[in-house]
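A quick write-up on the structure given underneath.
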Amino acid sequence: QVQLVESGGGLVQTGGSLRLSCVASAQTFSGQTFSSYNMGWFRQSPGKEREFVAAIRRNTWSGGNTFHSDSVKGRFTISRDNAKNTVYLQMNSLKPEDTAVYYCAADASNTYYSSSYFYTRTQTYDYWGQGTQVTVSS
């Protein structure tokens, strides 16, 4: 069982920035290391389905093998620090439509997906955090 704990959410004005963090529990990796996990960020607004925001492939360092949804491309950046068992989501130029609960997710299958499609699916991920609220005021 992997435990994921998100932090960094809050209230920000339009155009502002936030950085979300997600720390994975090192005690429950069951022989795997954090670096072998594909990691993702998703968000959910009231009355809407959970949607993909960004993902980063396993065994990569910040800046490599990342995917972002069209709605956040150019504004949000996912990165990871494997030494700290942490994945980040830097969010710039925030808009009111970015308001949602943001969830961190981990895929423990140790699988390299050649297609970005698999990184955008909630079904790909085995573990989820409890979520952190991001509210952008207009």
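These figures come from a predicted structure and were not determined experimentally.
In this structure, the side chain of E6 engages the main chain of Q130 through a donor-acceptor pair within 3.5 Å. With N38 contributing its side chain and R58 its backbone, the two residues share a donor-acceptor pair below 3.5 Å. For H68 (side chain) and G74 (main-chain N/O), no donor-acceptor pair under 3.5 Å exists by modelled atom type. No donor-acceptor pair under 3.5 Å is formed between the side chain of S25 and the backbone N or O of Q3.
For E49, the CD atom counts as loosely surrounded, since its 6.0 Å shell holds 12 or fewer non-hydrogen atoms of other residues, nucleotides or ligands. For CD of E97, the number of neighbouring non-hydrogen atoms (other residues, nucleotides, ligands) closer than 6.0 Å is greater than 12.
Legend: residues meeting side chain to side chain donor-acceptor pair (under 3.5 Å) with K73, ordered by chain and number and at least two apart, are D70. Partners of R50 according to the side chain to side chain donor-acceptor pair (under 3.5 Å) rule, which considers only residues two or more places apart in sequence or in another chain, are Q44. Residues passing the side-chain contact (heavy atoms from CB on, under 4.5 Å) test with A100 are R43, S45, Y102, sequence neighbours excluded. R75 pairs by the salt bridge (Lys or Arg N to Asp or Glu O under 4.0 Å) definition with D98, not counting sequence neighbours. With sequence neighbours left out, the side chain to side chain donor-acceptor pair (under 3.5 Å) criterion links T14 to no other residue. Scored by the side chain to side chain donor-acceptor pair (under 3.5 Å) test, T111 finds S109 as partners (sequence neighbours excluded). Shown here are the salt bridge (Lys or Arg N to Asp or Glu O under 4.0 Å) partners of K95, two or more places apart in sequence or in another chain: there are none.
Nearest heavy atoms, N85 versus F34: OD1-CB, 3.2 Å. S137 and L11 get closest at one heavy-atom pair: CB-CD1, 4.3 Å. The two residues A24 and V2 come nearest to each other via the heavy atoms CB-CG1, 4.4 Å. When all heavy atoms of S114 and R57 are compared, the closest pair comes out as O-NH2, 3.4 Å.
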Check residues 87-94 and write down every donor-acceptor pair under 3.5 Å in which the side-chain atom is one partner and the other belongs to a residue at least two apart or another chain.
from, atom 1, to, atom 2, distance (Å)
Q90, NE2, N92, OD1, 2.9
N92, OD1, S17, OG, 3.0

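Listed by first then second residue, pairs satisfying disulfide (SG to SG under 2.5 Å) with a partner in residues 81-138 read C22-C104, not counting sequence neighbours. Each salt bridge (Lys or Arg N to Asp or Glu O under 4.0 Å) pair with one or both residues in residues 102-129, not counting sequence neighbours, would appear here, but there are none.
Both V72 and V12 belong to a single network of hydrophobic side chains, linked directly or stepwise wherever heavy atoms of I, L, V, M, F, W or Y lie under 4.5 Å apart. Both Y127 and V53 are part of a single hydrophobic cluster, where members link through side-chain heavy atoms under 4.5 Å apart.
Hydrophobic side-chain contacts under 4.5 Å tie Y103 into a cluster, directly or through other members, with F42, F52, F67, V101, Y113, Y117, F118, Y119, Y125, W128. Through direct or indirect side-chain contacts shorter than 4.5 Å among Ile, Leu, Val, Met, Phe, Trp and Tyr, Y112 is connected to no other residue.
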